[in-house]
Chemist: 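First the structure, which I've put down as structure tokens, then a few questions once you've had a look.
Each chain gets a letter, A, B and so on, in the order its sequence line appears, and its residues count up from 1.
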Protein chains: 2
Amino acid sequence: MNKDTIEILNKQGIKATKQRVFLYEILKKQEKPLTAEEIYFLAKKEINSFNLSTIYRILDTFVKKKLVVKYKLDIDEKFHFEIIREKHRHYLLCICCNQIIPISDCPIEKYEHDIAEQTGYVIVDHNLEIKGICPNCQGPYGIH
Amino acid sequence: MNKDTIEILNKQGIKATKQRVFLYEILKKQEKPLTAEEIYFLAKKEINSFNLSTIYRILDTFVKKKLVVKYKLDIDEKFHFEIIREKHRHYLLCICCNQIIPISDCPIEKYEHDIAEQTGYVIVDHNLEIKGICPNCQGPYGIH
DNA sequence: AATGCAGATGCGAATAGTTCGCATCTGCAT
DNA sequence: ATGCAGATGCGAACTATTCGCATCTGCATT
């Protein structure tokens with residue numbers, strides 16, 4: 001069990017159980033958001049008894065403590081979970097093969113100020129996903 | 001039954017049934033996307049036997065024929081449906097009262113070109129929602 | 001106007017991801 | 001080592017959406 005992870009969890013007032021530490025570390029490694037089920041299969045490889053409800057519950061705890069964000073992508077019906085980093089990310093989704101890749105920067109931040117002025121809203125967050133066809137799927141053998 | 005609507009539907013090869021015409025006209029009036037259930041309640045007021053499965057099926061037909069777009073918003077678990085207009089729209093969502101208001105223009109279109117160059121993707125679409133607290137909910141009686 | 005038929009609708013059951021209730025178990029303070 | 005609050009495992013419940021099938025409707029044809 002990684003000491004750093006335990007410390008991060010404790011700092012948030014989260015009891016560092018085996019499942020929680022493991023789940024946090026899975027998420028930390030990812031370059032893209034994962035579904036609860038994807039996490040489940042990764043988790044099962046290492047810890048035999050790891051229940052899907054538990055995964056949902058742990059993820060919700062992480063979301064409440066602002067360690068993780070939870071959202072849906074337009075490619076399917078499932079929630080995706082992603083560890084919160086210093087800079088938030090947006091993703092580019094391939095509509096053919098469902099590949100998910102991060103986009104380097106966020107074009108919305110500057111725009112939020114204008115929106116706030118126009119509407120009187122206090123802006124707190126935003127979602128952006130861009131959909132396209134990846135180089136692989138464009139090729140002669142791509143499925144369109 | 002509105003002649004214009006019937007013509008629009010026929011032009012897409014959609015048989016203009018009472019339910020379809022009515023549903024199209026409900027959507028046309030809206031300034032914000034509706035859920036199937038919201039449409040159901042509006043529809044029930046006028047046409048007594050109007051089934052929820054039928055609404056979903058009609059909406060799917062409209063989506064296939066590119067008359068309507070279907071997507072989820074971050075405020076709940078439900079699909080939202082919106083008639084397709086010349087200019088696509090994005091929405092500002094109040095995280096307190098779930099108000100949905102349209103944003104005047106789209107800051108992403110110019111950005112898509114850069115993304116395409118950086119990644120080799122052919123960009124086909126994007127989603128954007130901005131979340132905030134509306135003027136009403138900011139007030140002294142707002143629920144935060 | 002009556003008829004026939006492809007396709008649309010109504011109804012109820014099925015589906016799938018997520019959440020919940022409850023009994024058992026675990027991490028941690030003592 | 002012990003006790004207990006809170007975490008987990010398991011199965012059932014929940015909800016938006018979809019599907020299967022019997023009935024009905026719009027429309028072309030007569």
Chemist: Please work out which of the three classes, parallel, tilted or perpendicular, describes the rings of A/H88 and A/H126, given edges at 30° and 60°.
Modeler: perpendicular
Chemist: Between A/E38 and A/K78, does at least one N-O distance fall below 4.0 Å, as a salt bridge requires?
Modeler: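 A salt bridge is absent here (no side-chain N lies under 4.0 Å from a carboxylate O).
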Chemist: Is there side-chain contact between B/N127 and A/N127, with heavy atoms separated by less than 4.5 Å?
Modeler: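 Result no, sub-4.5 Å side-chain heavy-atom pair not found.
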Chemist: Taking atom NZ as the centre, does A/K44 end up with more than 12 heavy-atom neighbours from other residues, nucleotides or ligands that are less than 6.0 angstrom away?
Modeler: yes
Chemist: Should the pair B/F50 and B/F22 be assigned to parallel (<30°), tilted (30 to 60°) or perpendicular (>60°) ring geometry?
Modeler: tilted
Chemist: Report the distance from atom CG of B/L59 to atom C1' of C/dA8, rounded to the nearest whole Å.
Modeler: 14 Å
Chemist: How many whole angstroms separate atom OH of B/Y40 from atom P of D/dT15?
Modeler: 16 Å
Chemist: Below 3.5 Å, does any donor atom in the side chain of B/S53 face an acceptor in the base of C/dG12, or the other way round?
Modeler: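 Present.
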Chemist: Would you kindly give the CD1-to-P distance between A/I39 and C/dG17, to the nearest whole Å?
Modeler: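 That distance rounds to 14 Å.
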Chemist: On DNA chain D, compare the nucleotides closest to B/K72 and A/I14; which residue's is nearer the 5' end?
Modeler: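 In this pair, the answer is A/I14.
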Chemist: Looking only at side-chain N and O atoms, does B/N51 come under 4.0 Å of OP1 or OP2 in C/dT9?
Modeler: no
Chemist: Grab the CZ-C1' distance between A/R20 and D/dA7 for me, whole Å please.
Modeler: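 Rounded to the whole Å, the gap is 6 Å.
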Chemist: What string of B, S and - do you get for nucleotides 22-30 of chain D 5' to 3' if you count protein non-hydrogen atoms under 4.0 Å?
Modeler: ----SS---
Chemist: Between B/E77 (CD) and C/dA16 (C1'), how many Å, whole number?
Modeler: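 One finds 12 Å between C1' of C/dA16 and CD of B/E77, rounded.
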Chemist: Do A/R57 and D/dG6 have a side chain to base donor-acceptor pair shorter than 3.5 Å?
Modeler: no
Chemist: Using atom CD1 of B/I47 as one end and atom P of C/dG10 as the other, report the distance to the nearest whole Å.
Modeler: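 Distance check: B/I47 CD1 to C/dG10 P gives 9 Å.
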Chemist: How long is the line joining NZ of B/K44 and C1' of C/dC11, in whole Å?
Modeler: 11 Å
Chemist: Check whether any side-chain heavy atom of B/I123 lies under 4.5 Å from a side-chain heavy atom of A/K131, and answer yes or no.
Modeler: no
Chemist: Are A/E77 and B/K72 within salt-bridge range, i.e. N to O under 4.0 Å?
Modeler: yes
Chemist: Just how far, in rounded Å, is P of C/dC20 from CG of A/L52?
Modeler: 14 Å
Chemist: With under 30° as parallel and over 60° as perpendicular, where do the rings of B/F81 and B/F79 fit, or are they tilted in between?
Modeler: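 B/F81 and B/F79: tilted rings.
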Chemist: Looking at A/D105 and A/K87, is there a salt bridge between them, counting it only when a charged N and a carboxylate O are closer than 4.0 Å?
Modeler: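 No, this pair does not count.
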Chemist: Dot-bracket for DNA chain C, 5' to 3', counting Watson-Crick or G-U wobble pairs under 3.5 Å, with [ ] for crossing pairs and | for inter-strand pairs?
Modeler: ||||||||||||||||||||||||||||||
